[in-house]
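Please read the structure below before turning to the comments.
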Amino acid sequence: MLDTVFWPLVKIVVLLNAVMISVTFMTLLERKVIAWAQSRLGPMRVGPYGVLQAFADPIKLMTKEDITPANADKMMFTLAPILSLVPAFVVFAVIPFGDDPLYYVADINVGLLFLISVTSIGVYGIILAGWASNSKYPLLAGLRASAQLISYEIAVTMTLVSVILTAGTLSMVEIVEAQRETGWWIGFIQPVAFVLVLIGGLAETNRAPFDMPEAEQELTGGFHTEYSGMRFGLFFLAEYANMIVISAVVVVLFWGGWLRPFPSVGALALLDYIPSWIWMFSKMFLVLYLFIWIRATLPRYRYDQLMRIGWKVLIPIAIANVVITAVVKVLL
Amino acid sequence: MAETIVFYTLSVLILGLAILVVTAKNAVHSVVALVMTFLCVAALYVVLEAEFLAVIQILVYAGGIVVLYLFVVMLVNLGRSPEEHQDPRRLSVFGLGLAGAMLLEVAGIVVYSYNRSASTVTAPAAASPVQGNTQELGWLLYTDYLIPFELASVLLLVAMVGAIVLAKRDL
Amino acid sequence: MEITPAHYTVLSAALFTIGVIGVLVRRNIIIIFMAIELMLNAVNINLVAHAQQVENLVGQVFVVFVIAVAAAEAAVGLGIILAFYRNKETVNIDEMNVMRW
């Protein structure tokens with residue numbers, strides 16, 4: 001009872017709180033990095049160097065008035081933020097943050113597939129938010145967002161097939177173990193897949209340069225235009241939690257998860273004294289920094305360009321990658 | 001004991017949500033109830049030790065097919081509800097009666113076969129050289145059921161071409 | 001109380017019947033399609049339950065095929081609905097009588 005119910009529950013509580021706290025600091029990090037890229041200072045008023053801004057924002061969101069538009073579909077309007085938040089949090093169950101069972105909630109035999117399928121549920125939150133608001137721009141944004149998510153989901157899933165072929169397993173923990181055994185991060189064996197997942201991950205989390213669903217200039221804010229207070233906060237939380245998930249997926253699949261750099265080089269064995277979870281978190285931080293950097297650097301794509309990249313570039317490359325991987329795997 | 005609780009909870013959820021799918025006035029509410037139904041069915045598959053199918057159920061049904069339904073419901077932006085137009089020749093009560101008769105028939109079959117209790121016959125498990133639900137399923141699909149599997153892929157290709165031809169205004 | 005395959009069969013039969021009622025009574029063709037998906041799921045539950053009972057994965061293999069067929073059916077069916085809606089501005093199945101003699 002203690003092992004099957006109590007400790008997993010403790011782990012879940014710790015993990016969810018860690019995710020929420022990291023999300024609040026992600027927003028601060030994002031504002032600081034973008035400010036730095038634009039030669040500004042960013043938030044400086046709350047606390048030293050604006051560090052407490054991370055807590056000021058959620059408090060502001062929680063105390064704001066929560067408005068439901070008069071003509072909105074009340075039930076769906078309430079359900080939408082929940083539907084987008086829950087999948088973003090559920091997938092953390094299968095992400096291994098370290099080499100010990102202490103550092104992950106569950107190691108299930110279809111872990112990667114579970115992750116893909118649960119994240120694909122998140123699209124309902126967005127499309128229903130757009131519809132339930134009963135307002136033109138949110139509906140347009142919701143339809144755009146769901147079309148974008150579905151298109152890029154195909155590309156990412158096809159790409160992950162080649163990763164599964166390389167690792168020979170669906171379990172997240174065993175994928176990292178496979179990288180330890182071969183001594184090569186899959187990112188080096190599958191560079192094309194790495195780039196595809198990175199691009200697809202940007203699109204799946206609605207990040208710049210693919211932040212079409214929330215293009216302020218075109219859609220007055222996006223699918224959550226009609227939302228205020230903590231319901232908007234839930235969408236915000238879901239988006240950043242998804243970013244963390246994507247960064248963890250990229251690290252586990254391509255950068256060796258919790259392994260140290262060059263796991264096969266014996267001369268670097270000294271690095272093993274650094275705990276595994278520190279490697280995992282520092283790699284995730286690098287990926288998240290990369291995402292923010294991209295947002296500060298690249299302009300937004302037009303919608304037709306976005307669709308063309310998804311369907312005519314990413315998906316064919318992903319399929320070709322799967323075929324090549326399979327052939328090489330058979331020949332070797 | 002745990003299985004009993006899970007089974008009854010999931011059954012109530014599945015049937016309740018399925019009734020909501022069929023009875024909801026608003027088509028979008030139907031779609032949302034359908035997603036929930038499929039998620040509960042996936043949970044039932046986990047209880048039945050079919051993890052791969054549970055995940056495929058979420059991925060294909062909840063994440064793919066039902067999104068398609070939601071899209072069509074939103075594209076078909078109706079000024080008036082289709083239920084307003086009543087065909088006088090329509091026999092809804094007769095339909096309900098037919099459904100009831102079918103339920104009786106299925107119930108009869110279930111009770112009959114359960115009393116016979118011939119289900120103790122265990123089919124010989126296919127000898128697969130691999131372990132694990134996903135691996136065994138893959139083994140079966142690529143050995144004994146290779147031709148149906150390939151045919152299914154051809155079917156999906158045909159359906160894809162057909163859907164594009166139907167939905168595109170001018171080719 | 002032990003859960004036997006008969007329990008799953010009863011659940012499946014009830015779900016199937018709800019699907020049948022939906023197909024026979026509703027007039028919105030999109031809802032009818034969803035009711036068909038419910039019926040397919042009822043069949044799947046049955047197949048998986050009995051596959052577990054006889055300790056053989058063939059039932060699960062068939063579920064994979066059913067899901068593939070359901071995906072194909074949804075794609076083509078919704079394509080037909082969209083094409084029809086573009087011409088007649090309705091999704092009411094009673095008004096879909098262009099092919100009727």
Side-chain angles (χ1 to χ4, degrees), chain B residues 3-4 7 11 14-15 18-19 21-22 27 30 34 37-38 41 44-45 48-50 53 56 60-61 64-65 68-69 72-73 75-76 78 82-83 85 87 90 92 95-96 98-99 102-103 106-107 110 114 119 122-123 125-126 136-137 140-141 145 148 152 155-156 159-160 162-163 166-167, chain C residues 1-3 5-7 9-11 13-22 24-28 30-31 33-35 37-38 41 44-45 48-49 51-58 60-61 63-65 67-72 74-76 78-83 85 90-92 94-95:
Chain B
E3 200 199 344
T4 316
F7 174 78
S11 303
I14 289 173
L15 293 181
I19 290 172
V21 172
V22 174
S30 281
L34 191 70
T37 318
F38 287 164
V41 172
L44 205 62
Y45 289 169
L48 287 167
E49 295 165 9
L53 283 184
I56 287 296
V60 177
Y61 264 122
I65 296 178
L68 218 59
Y69 279 101
V72 173
V73 167
L75 285 176
V76 178
L78 292 167
E83 308 292 328
H85 173 93
D87 189 338
R90 196 178 172 83
S92 285
L96 268 179
L98 271 184
M102 207 216 62
L103 179 63
V106 174
V110 171
Y114 188 62
S119 55
T122 309
E136 283 181 42
L137 204 57
L140 272 179
L141 274 177
Y145 295 89
L155 174 75
L156 284 172
M160 196 164 77
L166 281 168
Chain C
M1 203 174 92
E2 180 127 1
I3 299 296
H7 286 81
T9 314
V10 171
L11 168 66
L15 190 58
F16 195 86
T17 312
I18 293 172
V20 171
I21 293 174
L24 290 178
V25 175
R26 290 304 297 255
R27 286 189 286 282
N28 186 340
I30 302 173
I31 308 244
F33 260 81
M34 288 191 243
E37 300 290 348
L38 283 181
N41 262 274
N44 285 354
I45 291 174
V48 176
Q52 195 225 15
Q53 159 81 3
V54 299
E55 290 170 355
N56 190 328
L57 281 181
V58 176
Q60 297 193 13
V61 171
V63 173
V64 173
F65 292 137
I67 290 178
V69 170
V76 177
L78 293 174
I80 292 174
I81 293 175
L82 272 186
Y85 178 76
T90 179
V91 288
N92 188 329
D94 287 343
E95 295 173 48

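Lettering follows sequence order; numbering is per chain, from 1. Just so you know, these numbers use all the heavy atoms, side chains as well, and skip hydrogens, waters and symmetry mates.
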task: Quick one: pull up CG in B:Leu96 and CG in C:Leu24 and give me the separation to the nearest 0.5 Å.
output: 8.0 Å
field: Contact class of B:Val60 relative to chain C, heavy atoms under 4.5 angstrom
entry: side chain
field: Interchain contact, C:Ala70 with chain B, by part (heavy-atom threshold 4.5 Å)
entry: both
field: Interchain contact, B:Ala27 with chain C, by part (heavy-atom threshold 4.5 Å)
entry: both
message: Between B:Ser30 and chain C, with a heavy-atom cut-off of 4.5 Å, which part of the residue counts as in contact: side chain, backbone, both or neither?
response: both
message: So which atom in B:Tyr45 and which in C:Ile45 form the shortest heavy-atom distance, rounded to 0.1 Å?
response: OH-N, 3.9 Å
message: Given C:Gln60, which partner from the list B:Leu140, B:Leu137, B:Ile56 fulfils the side chain to side chain contact (heavy atoms under 4.5 Å, CB included) test?
response: B:Leu137
message: Would you say that B:Leu166 contacts C:Leu82 through its side chain, given a criterion of any heavy-atom pair below 4.5 Å between the two side chains?
response: no
message: Only pairs of heavy atoms separated by less than 4.5 Å count here; which of B:Val106, B:Leu53, B:Leu34 has the most with chain C?
response: B:Leu53
query: At what distance, to the nearest 0.5 angstrom, does OH of B:Tyr69 lie from CD1 of C:Ile30?
result: 9.5 Å
- prompt: Quick one: are B:Val22 and C:Ile31 in side-chain contact, heavy atoms under 4.5 Å?
  reply: no
- request: Could you check which of C:Val76, C:Thr9, C:Val48 has the highest count of heavy-atom pairs closer than 4.5 Å to chain B?
  value: C:Val48
- prompt: Which of the residues B:Ala107, B:Pro148, B:Ala152 is involved in the greatest number of heavy-atom pairs with chain C at under 4.5 angstrom?
  reply: B:Pro148
- request: Output the distance between atom CD1 (C:Ile18) and atom CG (B:Leu103), rounded to the nearest 0.5 Å.
  value: 9.5 Å
Region of C:Ile81 in contact with chain B, defined by heavy-atom distances below 4.5 Å: side chain
statement: For B:Leu15 and C:Leu15 the tightest heavy-atom approach is CD2-N, 3.7 Å
- line: Looking only at C:Ala83, C:Gly19, C:Ala71, the option with the highest number of non-hydrogen pairs under 4.5 Å against chain B is C:Ala71
query: Got C:Asn41 and B:Tyr61 here, is their nearest side-chain heavy-atom distance under 4.5 Å?
result: yes
task: Please look at C:Ile80 and chain B and tell me whether the side chain, the backbone, both or neither of the residue comes under 4.5 angstrom of a heavy atom of that chain.
output: both
message: For B:Phe7, which atoms come within 4.5 Å of any heavy atom of chain C: side chain, backbone, both, or neither?
response: side chain
message: What part of B:Leu44 gets within 4.5 angstrom of chain C, counting heavy atoms only: side chain, backbone, both, or neither?
response: side chain
